[in-house]
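Letters A, B, ... mirror the listed sequences (proteins, then strands); counts begin at 1. Quick caveat: nothing in here was measured; it's all calculated off a predicted structure.
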Protein chains: 2
Amino acid sequence: MSPANFLNKNPKNNRRENLADRIYGQIKDMIFNFELLPGDFFSEADIAERFQASRTPVREALYRLRREQYVDVHFRSGWQVKPFDFQVFEELYDVRILLEEAAIDRLCAMTETPEPLQELRDFWLADASEWITDIRLSEKDREFHSQLVAAAGNREMHQIHRDISERIHIIRRLDFTKDYRIEATYEEHGAILEAIAHHRADHAKRLMAAHIAVSRDEVRKITIHMLQEARARHLDASNNDSNDLSQNS
Amino acid sequence: MSPANFLNKNPKNNRRENLADRIYGQIKDMIFNFELLPGDFFSEADIAERFQASRTPVREALYRLRREQYVDVHFRSGWQVKPFDFQVFEELYDVRILLEEAAIDRLCAMTETPEPLQELRDFWLADASEWITDIRLSEKDREFHSQLVAAAGNREMHQIHRDISERIHIIRRLDFTKDYRIEATYEEHGAILEAIAHHRADHAKRLMAAHIAVSRDEVRKITIHMLQEARARHLDASNNDSNDLSQNS
DNA sequence: GTGCTCTAACTTGTATACAAGACAGAGCAC
DNA sequence: GTGCTCTGTCTTGTATACAAGTTAGAGCAC
C-alpha cells in the first residue's frame with residue numbers, strides 16, 4: 001500500500017481512446033438498434049470476436065452495461081439482454097416528471113433567466129419554417145429536457161436525469177416517427193418555456209407532466225409494435241441459425 | 001454471434017460468491033473508514049497484494065467504484081480516492097429531499113397504510129426505554145428513509161434513493177455521535193410518520209425537509225472535523241512511509 | 001545550486017492461459 | 001419411447017504475460 005512513484009503530482013490527461021469504452025458504446029448501439037433483442041443470449045467470446053478484441057475489454061464493457069440494467073450475467077452460462085419491462089419504463093417516466101417539475105420550480109424561482117434557457121427559446125419558439133422534422137428532432141428533444149434540468153443548477157440531479165433519459169431513450173426516440181408528434185413537441189416545448197419565462201411554475205409543471213405523459217403513452221404503443229416486428233424479422237433471418245429469441249417478460 | 005450451447009434454457013443460480021464483489025466491498029469499507037483518505041493515490045497492484053488476489057477482480061471492483069464516483073483512474077498513473085466535494089453532498093441532499101417528499105405525497109394519497117409503514121411506526125414511536133442509542137441507530141435511520149421511499153411503490157425511485165443514500169452515508173453516519181441528535185431523530189421520525197398517517201402531506205413534507213436539512217448541516221461540520229483528524233492521524237502514522245496525503249479539494 | 005537528459009521502475013490497458021462449473025446430446029439400459 | 005449416466009464443449013471467473021506510456025530521480029554539464 002505504499003506507492004513509490006507518483007507521489008505529489010496531480011496527474012492529468014485523464015481521458016484517452018479506450019477499447020473498453022468503444023465496445024461499451026457499440027454493444028449499446030446493437031441493443032438500441034435491436035440487433036441484440038431483449039431476451040437474447042450471447043457470450044463474451046461472441047462479442048470479442050465480433051469486435052476483434054480480447055475478452056478483457058469486452059468484460060469491462062458488459063459489466064458496465066449490467067450496472068446500467070441493460071444486460072444480465074448468468075454464472076458460467078452466458079449473458080442476456082434484459083427483457084423489456086414496461087413497468088420499469090413507467091416508473092422511470094414518473095421519476096423524470098418529478099425531476100423536471102423540480103427543475104421548473106427552481107427555474108421559476110430565479111430572478112433572471114439563465115443563458116441556456118434563452119437558447120432553448122430561440123430553438124423551440126422559432127418559426128415553423130425553420131422546424132426540424134426528421135429523426136434528429138429526437139436528439140433535440142433530449143437536449144431540451146436535459147438542458148432544462150441542467151439550468152436548474154443541481155449537477156447531481158442533472159446526472160440522474162441524464163441516466164434516466166438514456167435508459168428510456170431506447171424507446172423514447174420511436175416517438176418521432178409520427179408527424180403530429182413533431183408538431184405537438186414544438187408547441188408543448190414552446191408553451192413550457194413561455195410559462196417558465198413568466199414564472200408560472202404551476203402552469204409550467206402541469207404542461208410538462210402532461211407532455212411527458214403523452215410521450216410515454218405514445219411510446220408504449222409504438223414500442224410493442226416495433227418489438228413484434230423486430231422479433232418476426234429476426235426469426236425470419238435466422239431460420240437455419242441457432243439464435244435464441246425467448247422473451248420472458 | 002451464434003451461441004451453440006445454452007439455447008432455450010432459462011438460467012438460474014445467478015448469484016455466487018464473487019471475488020470482485022468482495023473486493024469491491026472491502027475497498028469501499030476502507031474508504032468509509034478513512035483507511036484510504038480522499039485524495040490518496042494507490043495502484044491496482046497495491047490492492048491486489050493487500051487482498052491476495054490478482055489485478056483482474058481488483059480492476060473490476062475499481063471500475064465499479066469509479067462509476068459510483070468514489071475513485072478516479074489516471075491513465076497509466078494510478079488511482080485516486082476522490083477528494084471530498086461538499087457541493088456534491090449538498091446537491092445529493094437536495095435530491096434526497098425531493099425524492100422523499102415525492103414519496104410522502106404518494107403515501108398520503110393512499111387510502112390504506114402499507115404494511116412497511118406500520119413496522120416503521122412500531123420502531124420509531126416506541127417508548128424511550130426501548131430506544132437504540134449507539135451507532136446502530138445510523139443503520140436504522142437509513143432504513144427509515146429507504147423504506148419510506150420503497151413503500152411509495154416506485155422501484156426505480158427507490159433504487160436511485162438507495163444509491164444517493166449510499167453515497168452520502170460516508171458522512172451521514174457521523175451524525176450519530178452526539179446524543180441530542182439521537183433524541184431528535186426519534187422525535188422527528190415519529191412526527192413524520194404521524195403526519196403521514198393523518199394524510200397531512202404538506203406538514204409531513206415540511207417536517208421531512210427540515211429533518212434532512214438539519215442532518216445535512218450537522219454532518220457538514222462534523223465531517224470537516226473528522227477529516228482534519230484523520231489526516232493528522234495518517235500523517236503521524238506514516239512518517240517514514242511514503243504515502244501521499246495531498247487533499248486537493 | 002540549476003537545469004537538462006536519460007533511464008529504470010513503476011503505472012494501466014489489453015491479450016492470453018488456466019480453473020472450474022453448466023449443459024446439450026450421445027449412448028445405453030429397459 | 002423414456003430416463004439415466006457420461007463426456008466433450010461450452011461458459012464465466014481468475015491469474016498471468018505482455019504492451020505502451022508516465023514519472024521520479026540519478027548523473028552530468030555548467
Side-chain angles (χ1 to χ4, degrees), chain A residues 1-27 40-67 71-81 242-244 246, chain B residues 1-24 26-27 40-67 71-81 241-244 246:
Chain A
M1 201 56 50
S2 297
N5 195 334
F6 43 81
L7 288 184
N8 289 323
K9 281 294 179 284
N10 196 11
K12 34 204 170 295
N13 52 314
N14 226 355
R15 282 300 88 200
R16 184 167 296 245
E17 257 314 275
N18 185 307
L19 197 48
D21 287 345
R22 209 197 68 206
I23 292 174
Y24 161 82
Q26 286 177 305
I27 298 174
D40 272 6
F41 289 91
F42 61 94
S43 74
E44 297 170 3
D46 289 336
I47 306 286
E49 190 189 17
R50 170 79 122 94
F51 296 125
Q52 291 291 299
S54 78
R55 281 178 52 219
T56 308
V58 170
R59 280 175 61 80
E60 199 176 303
L62 285 174
Y63 273 98
R64 192 165 151 201
L65 287 165
R66 181 175 73 140
R67 166 110 194 114
V71 297
D72 271 333
V73 61
H74 302 280
F75 182 69
R76 273 163 199 167
S77 300
W79 293 76
Q80 181 182 29
V81 182
S242 52
N243 266 346
D244 172 51
S246 66
Chain B
M1 201 57 51
S2 298
N5 195 333
F6 45 81
L7 288 185
N8 289 323
K9 283 292 180 285
N10 196 11
K12 35 209 168 298
N13 52 313
N14 227 355
R15 280 300 88 201
R16 185 166 295 245
E17 257 313 277
N18 185 308
L19 196 49
D21 288 344
R22 209 198 67 207
I23 292 173
Y24 161 82
Q26 287 178 305
I27 298 174
D40 271 6
F41 289 90
F42 61 94
S43 74
E44 295 170 4
D46 290 336
I47 306 285
E49 190 189 17
R50 170 80 123 95
F51 295 126
Q52 291 291 297
S54 78
R55 281 177 53 216
T56 307
V58 170
R59 279 174 62 81
E60 200 176 302
L62 285 174
Y63 272 98
R64 192 166 153 200
L65 288 164
R66 181 176 73 142
R67 166 112 195 111
V71 298
D72 271 333
V73 59
H74 302 280
F75 183 69
R76 272 163 199 167
S77 302
W79 292 76
Q80 181 182 28
V81 182
D241 197 308
S242 52
N243 266 345
D244 172 50
S246 65

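Across the protein-nucleic acid pair, His74(B) atom NE2 and dC10(C) atom C1' stand 16 Å apart, rounded to whole Å. With rounding to whole Å, Arg59(A) atom CZ is found 18 Å from dT12(C) atom C1'. dT11(D) atom P lies 13 Å from atom CZ of Phe41(A), rounded to whole Å. Atoms CD (Gln80(A)) and C1' (dT11(D)) sit 15 Å apart, rounded to a whole Å. Distance Arg66(A) CZ to dT12(D) P: 12 Å, rounded to the nearest Å. In this structure, the CG atom of Asp72(A) is 16 Å from the C1' atom of dT11(D), given to the nearest Å. Residue Trp79(A) contributes atom CH2, which lies 17 Å from atom P of dA22(C) at whole-angstrom precision. Distance CG (Asp21(B)) to P (dG13(D)): 9 Å, rounded to an integer number of Å.
Axis angle between the ends of the helix from dG1(C)-dC30(D) to dC30(C)-dG1(D), five pairs each and rounded to 10 degrees, works out to 10°.
Residues meeting the side chain to side chain contact (heavy atoms under 4.5 Å, CB included) test with Glu60(B), sequence neighbours left out: Arg59(A), Tyr63(A), Ala20(B). Applying the salt bridge (Lys or Arg N to Asp or Glu O under 4.0 Å) rule to Arg55(B) yields the partners Glu44(B); only residues at least two apart in sequence or on another chain are considered.
For the OP1/OP2 pair of dT14(D) and a distance below 4.0 Å, the side-chain nitrogens and oxygens of Asn18(B) include at least one atom meeting the criterion. Taking side-chain N and O atoms only, Ser43(B) has a distance below 4.0 Å to OP1 or OP2 of dT11(C).
For the residue pair Val71(B) and Val81(B), the shortest heavy atom distance occurs at CG1-CA, 4.2 Å.
Here the side chain of Phe75(A) is nearest to one of dG13(D), dT14(D), dA15(C), namely dG13(D). When the nucleotides dT12(D), dA22(C), dT12(C) are ranked by their closest atom to the side chain of Ser77(A), dA22(C) comes out on top. Side-chain atoms of Glu44(B) lie closest to dT12(C) of the nucleotides dT12(C), dT14(D), dA15(C). Closest to the Tyr63(B) side chain, of the nucleotides dG13(C), dA20(C), dT14(D), is dG13(C). Among dT12(D), dG13(C), dA15(D), the nucleotide with an atom closest to any side-chain atom of Ser54(B) is dA15(D).
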**Q.** Pair Ile47(B)-Phe42(B), side chain to side chain contact (heavy atoms under 4.5 Å, CB included): steps then yes or no
**A.** CA-CA 8 Å; Ile47(B) 306 285; Phe42(B) 61 94; 3.7 Å; yes

(Q) Please evaluate residues Asp46(B) and Phe41(B) with respect to the criterion side chain to side chain contact (heavy atoms under 4.5 Å, CB included), reporting the C-alpha separation (whole Å), side-chain torsions for both, the decisive distance (0.1 Å), and the verdict. (A) CA-CA 10 Å; Asp46(B) 290 336; Phe41(B) 289 90; over 6 Å; no

Q) Can Asn18(A) and Tyr24(A) be said to form a side chain to side chain contact (heavy atoms under 4.5 Å, CB included), step by step? A) CA-CA 10 Å; Asn18(A) 185 307; Tyr24(A) 161 82; over 6 Å; no

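Residue side chain Thr56(A) reaches the base of dA15(C) through a donor-acceptor N/O pair under 3.5 Å, judged by distance alone. For Arg76(B) and dT12(C), a side-chain-to-base donor-acceptor distance below 3.5 Å is present, hydrogens and geometry of angles not being considered.
Inter-residue side-chain proximity for Val73(A) and Leu62(A) is flagged as unmet; no heavy-atom pair is nearer than 4.5 Å.
Remark: Arg67(A) CZ to Arg64(B) CZ distance equals 6.0 Å, nearest 0.5 Å.
Taking for each of Arg55(B) and Glu60(B) the nucleotide of DNA chain D with the nearest heavy atom, the 5'-most of the two is the partner of Glu60(B).
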